[in-house]
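For reference, the structure discussed in these notes is given below.
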Amino acid sequence: GDSVTQMEGPVTLSEEAFLTINCTYTATGYPSLFWYVQYPGEGLQLLLKATKADDKGSNKGFEATYRKETTSFHLEKGSVQVSDSAVYFCALSDGQGGSEKLVFGKGMKLTVNP
Amino acid sequence: EADIYQTPRYLVIGTGKKITLECSQTMGHDKMYWYQQDPGMELHLIHYSYGVNSTEKGDLSSESTVSRIRTEHFPLTLESARPSHTSQYLCASSDWGALKQYFGPGTRLTVT
């Protein structure tokens, strides 16, 4: 079945550091790819998405590019802030038969120190 | 942004009690989902629904049950809670053809 593998952390960075969170996937079809973020005490929020190969999703300074050849969707941010401290989930949806079920990675907790 | 609500936010109960976790959304979405989030943060789909009177079990086996009598309401019930049910439960919804799921704030359940 479909699966997502991502860096698990936890990771601690200083403010203004560069962030990369690796994510690779296995899917039989042509999935859509997502990054969700969970701030402390809250539910998940969609951070960005990409629906086809070479698409780049971006939001709040974060970027990720859908790489079909390497089955990857790595998340990057050039300069993290304390407010970026959260848990980050990579996910895919294969959309088969109209299904929008998401398959999540295990999540990575990021702490950014001032 | 999201109009999806969960109550209670926190619940501590004793073993053997029956509980219902409430989830409501005001967006008119047909699709709704329940996820269980373990302490290691991993999310597991336990139930989903594609509309009224439609419910399916998810990828992770769960002793809970769900119902979908109204579009906006998707409650989850545990007939007899056990310590192994201690977890965070997240509800989500999405529209047909939409890739984005909207998540509620979650219910953190502790069974003593």
Side-chain angles (χ1 to χ4, degrees), chain A residues 1-11 21 27 29-52 55 57 59-60 66 73 85-111, chain B residues 1-10 21-25 27 29-51 54-60 74 87-109:
Chain A
D2 296 347
S3 66
V4 174
T5 303
Q6 65 171 108
M7 282 174 58
E8 293 184 26
V11 169
I21 306 177
Y30 299 94
S32 295
L33 302 174
F34 308 85
W35 278 99
Y36 278 81
V37 59
Q38 185 177 29
Y39 296 104
E42 298 182 12
L44 277 70
Q45 302 174 23
L46 179 65
L47 181 59
L48 53 84
K49 69 178 189 292
T51 58
K52 60 182 187 297
D55 267 3
N59 186 25
K60 298 181 180 181
Y66 190 145
F73 193 54
S85 297
V87 180
Y88 292 82
F89 293 90
C90 186
L92 70 80
S93 173
D94 65 9
Q96 295 288 335
S99 163
E100 273 82 51
K101 285 195 292 179
L102 289 170
V103 175
F104 285 94
K106 293 187 176 182
M108 195 210 79
K109 183 175 181 180
L110 170 68
T111 301
Chain B
E1 180 194 58
D3 295 323
I4 181 164
Y5 308 99
Q6 291 186 243
T7 57
R9 291 293 311 276
Y10 303 92
L21 307 185
E22 302 288 349
C23 175
S24 295
Q25 49 94 7
M27 297 172 282
H29 289 166
D30 283 321
K31 299 186 176 185
M32 297 189 75
Y33 312 83
W34 275 104
Y35 294 88
Q36 185 173 337
Q37 186 173 28
D38 63 27
M41 302 174 297
E42 191 168 1
L43 286 154
H44 304 281
L45 180 67
I46 53 174
H47 299 283
Y48 61 99
S49 167
Y50 288 161
S54 153
T55 61
E56 302 286 344
K57 290 190 178 297
D59 304 320
L60 179 69
F74 191 40
S87 191
Q88 167 140 276
Y89 293 84
L90 292 169
C91 181
S93 72
S94 67
D95 207 354
W96 284 101
L99 297 174
K100 179 179 179 178
Q101 287 188 13
Y102 294 85
F103 282 79
T107 293
R108 186 168 296 280
L109 172 66

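Reckoned from all heavy atoms, side chains included, excluding hydrogens, waters and symmetry mates. Each chain gets a letter, A, B and so on, in the order its sequence line appears, and its residues count up from 1.
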Can you name the closest pair of heavy atoms from B/Q101 and A/Y36 and give their distance? N-OH, 3.0 Å
What heavy-atom pair brings A/F89 and B/Q37 nearest, and what distance separates the two atoms? CZ-NE2, 3.4 Å
Which atom pairs, one a donor and one an acceptor, fall under 3.5 Å between side chains of residues 40-48 of chain B and the rest of the protein, sequence neighbours left out?
| residue | atom | partner | partner atom | Å |
| --- | --- | --- | --- | --- |
| B/H47 | NE2 | B/S64 | O | 3.2 |
| B/H47 | NE2 | B/S64 | OG | 2.9 |

Proximal component of B/R108, with respect to chain A [non-hydrogen, under 4.5 Å]: neither
Leading residue by heavy atom contact count with chain B [cutoff under 4.5 Å; candidates A/K49, A/Q45, A/Q38]: A/Q38
Check each atom of B/D59 against the heavy atoms of chain A and say whether the ones under 4.5 Å are side chain, backbone, both or neither. side chain
For A/T51, which residues count as a side-chain contact (heavy atoms from CB on, under 4.5 Å) partner, sequence neighbours excluded? A/S32, A/D55, B/L99
Scanning both residues in full, the closest heavy-atom pair of B/Y35 with A/L102 reads OH-CB, 3.9 Å
Relative to chain A, which segment of B/Q88 carries a heavy atom at a distance below 4.5 Å: side chain, backbone, both, or neither? side chain
